[in-house]
Amino acid sequence: MTSSEPNPLPVLLRGGRPLGGPATDLLLDEGAIAAIGADATSRAGAEVIEVVEADGLVILPGLVDLHTHLREPGREDAETVETGTRAAARGGFTAVHAMANTDPVADTAGVVEQVRRLGQEAGYCDVQPVGAVTVGLQGQRLAEMGAMADSAARVRIFSDDGHCVSDAVLMRRALEYVKAFDGVVAQHAQEPRLTEGAQMNEGPLSGMLGMRGWPAVAEEAIIARDALLAAHVGSRLHVCHVSTAGSVELLRWAKGKGWAITAEVTPHHLLLTDELAATYDPVYKVNPPLRSAADVDALRAGLADGTIDAVATDHAPHPREDKECEWAAAAFGMLGLETALSVVHQSMVDTGLLDWAGVADRMSFRPARIGQLATHGRPLAVGEPANLVLYDAAVSEVVRPQDSASLSRNTPYAGRTLPGRVVATYLRGRCSTAVETVPA
Amino acid sequence: MRRHLLSAGDLSREDAVLVLDTAEEMRSLADRPIKKLPALRGRTVVNLFFEDSTRTRISFEAAAKRLSADVINFAAKGSSVSKGESLKDTALTLQAMGADAIVVRHHSSGAPHRLASAQWTHGSVINAGDGTHEHPTQALLDAFTMRRHLGDLEGRRVTIVGDVLHSRVARSNALLLSTLGAEVTLVGPPTLLPVGVASWPVHTSYDLDSSIVKSDAVMMLRVQRERMNESFFPSAREYSRRYGLDTRRMALLPDHTLVLHPGPMNRGMEISADVADSTRSVIVEQVSNGVAVRMAVLYLLLSGSNVPIETPVGES
């Protein structure tokens, strides 16, 4: 399938609940929302169309992920753009930001254009490449960010994710430089000296388990420094995968100053805690590490009050052999695309912290604004692009790794029951989840 | 008893006392002309060592052989870190060879847990030291040695001194000794006590002199000189002055107080030669008790706790 192909028939979504509100009908035609309510119902009667019974399903704008590792080029044994975006569509996403830590690194116009093209060819969701801040993610000199911004990939988010831009001068220059093309630096906040050889959250448990601790201050010190730098040079800063209560406090302080700072949190940091490291099962090994229950509570509160702008998956596929080993030898990272909405459902909606409109804001509207994606994260209104997801909030399912569309199987939720299920995702009016059959 | 021995914290008080009582019987064998029991005849014990430790390996080897088990020593130099054979493939190989017990020493904390929980092998897994995590048979032999001199450890005061942060011996001892009712105090510079140690079932102190005067046993941990290059302390001399056990400090100890060290010692660093060779020192005895304790562990894990110890070979 390719994204340029027009949808053969208009689609009538019957009885769905936009943002969890009252049930209504939506007519999708020519890639846009053509009509809503009685108008949609009557127009549908006049035209030959495909009718989808969406009775009681929650309708959300297509989700936007700010942080996805698609692994192509270079690690096609872990994931490809095709398999990763297929998993994204199944998770309700219509746009993902492909992180730059590929091989070769996405630090030139050529690589970002290749990744964008692979996304277009696969057609499951829009792939917006993220460009590297420094050449080869080495933290030595700036990558050609201007060339990536001007390329066909129109890169606006730059990140050395996986590595912190720890050099204060280099970070300052990057923040200044991207102002020329309205870019934003997305920082992986991790002070390298404080985290040498670190394996898990530093706390009572790391001491007991004999694992090198990863202190919260290693993240917080960088966030504080970068907030001050961004304010000083008048630039935008985005903070990747915030994981500690202290980080939330610092963000609240920086935003209170009126500085242009945004932040994301991963689904796993909203649900899982460092207690899981006691299993020594590396499926729970992730960067930044799983933190304490108090941190989880603070992250949820920060996401609820808007201090944290977005949920971003940090979907990080790894081949089996990189997780079937002892903890210290294992790779960092976990899958996230297909379970993100269900995890947010459990941690934020079932707890009363967010309603579905709030979920749409944190998983679609705001991330699209941060990534400057014009056709995503739009309201569910007539004339808007038909990027949306149908979600059954009434069911719950056991996560089975073997059912994943990802090439990898490193989900931390295997065997766990999570609420809700994505029934269908529409990208410009076309169902991007239709080609798979989900085994019972 | 459980199927595996991964952490000293897995042992209930009853389990721990059973191991120590069984070790007492095993030890008495050493005084007999024939030191061998037929208990594990036909069973295979593999010593899987990813890290060099001749002392621990020969201790386990002697223990298994005295129980008539077949012993295979497997020195796995590589690991998945160095892109040698993976832990999983090594385990599958040992499983195929019919290992009934795998005694594993590994540089990565938790590697024995992975071996026991990942279903790669059906044998019993015995942790012979994993990274900076635990070394449960060392704690058992330390408790055994202390019990022989002090009697029941309930209410006894044990001070463990030195690099607690990197010590698997300290972790296992803290857990086991608290299970046995002893009062444990960990002493070291603040840089070498783990964050969160306040939640352990122990007391902590930065001052050695005030801690040892009320101790029934003092256990000195090995401190690697390289730690000073990582700024855990300024110099070997300053460490030794503040946390080493020398003749002056030994004079502060009550008459009955024992001195232990898991070995190998850095004489002149954490312990002076005078102290190591003094009459209070039970360091050599720890080594011989190690064999008896490991015999007890192998015996209980492999033949079941209900089977009585059989008569020695040739003595029936």
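Keep in mind that this is a model prediction, so the values were computed, not measured. Computed over heavy atoms, backbone and side chain alike; hydrogens, waters and symmetry mates excluded. In what follows, every chain begins at residue 1, and chains take the letters A, B, ... in the order their sequences are listed.
Within a 6.0 Å sphere centred on CZ of B:R13, other residues, nucleotides and ligands contribute more than 12 heavy atoms. No more than 12 heavy-atom neighbours from other residues, nucleotides or ligands sit within 6.0 angstrom of CD on A:E249. More than 12 heavy atoms of other residues, nucleotides or ligands shown are found within 6.0 angstrom of CZ on B:R222.
Interface remark: B:V195 contributes backbone and side-chain atoms alike to the contact with chain A (heavy atom separation under 4.5 Å). Only the side chain of B:L175 has a heavy atom closer than 4.5 Å to any heavy atom of chain A.
Using a distance-only test at 3.5 Å, with no hydrogens or angles considered, a donor-acceptor pair links the side chain of B:T132 to the main chain of A:G210. B:R114 contributes a side-chain N or O that, together with a main-chain N or O of A:C325, makes up a donor-acceptor pair within less than 3.5 Å. B:S108 contributes no side-chain N or O that, together with a main-chain N or O of A:E326, makes up a donor-acceptor pair within less than 3.5 Å. B:R171 places a side-chain N or O within 3.5 Å of a backbone atom of A:G207 that can act as its donor or acceptor partner.
A:L209 contributes atom CG, which lies 9.0 Å from atom CD of B:E134 (distance to the nearest 0.5 angstrom). Going from atom OG of B:S199 over to atom CE of A:M208 covers 7.0 Å, rounded to the nearest 0.5 Å. Taking OH from A:Y280 and NE2 from B:H133, the interatomic distance works out to 3.0 Å, rounded to the nearest 0.5 Å. The OG atom of B:S117 sits 7.0 Å away from the CG atom of A:D281 when rounded to the nearest 0.5 Å.
Between chain B and the options A:M211, A:E202, A:Q199, heavy-atom pairs under 4.5 Å are most frequent for A:E202.
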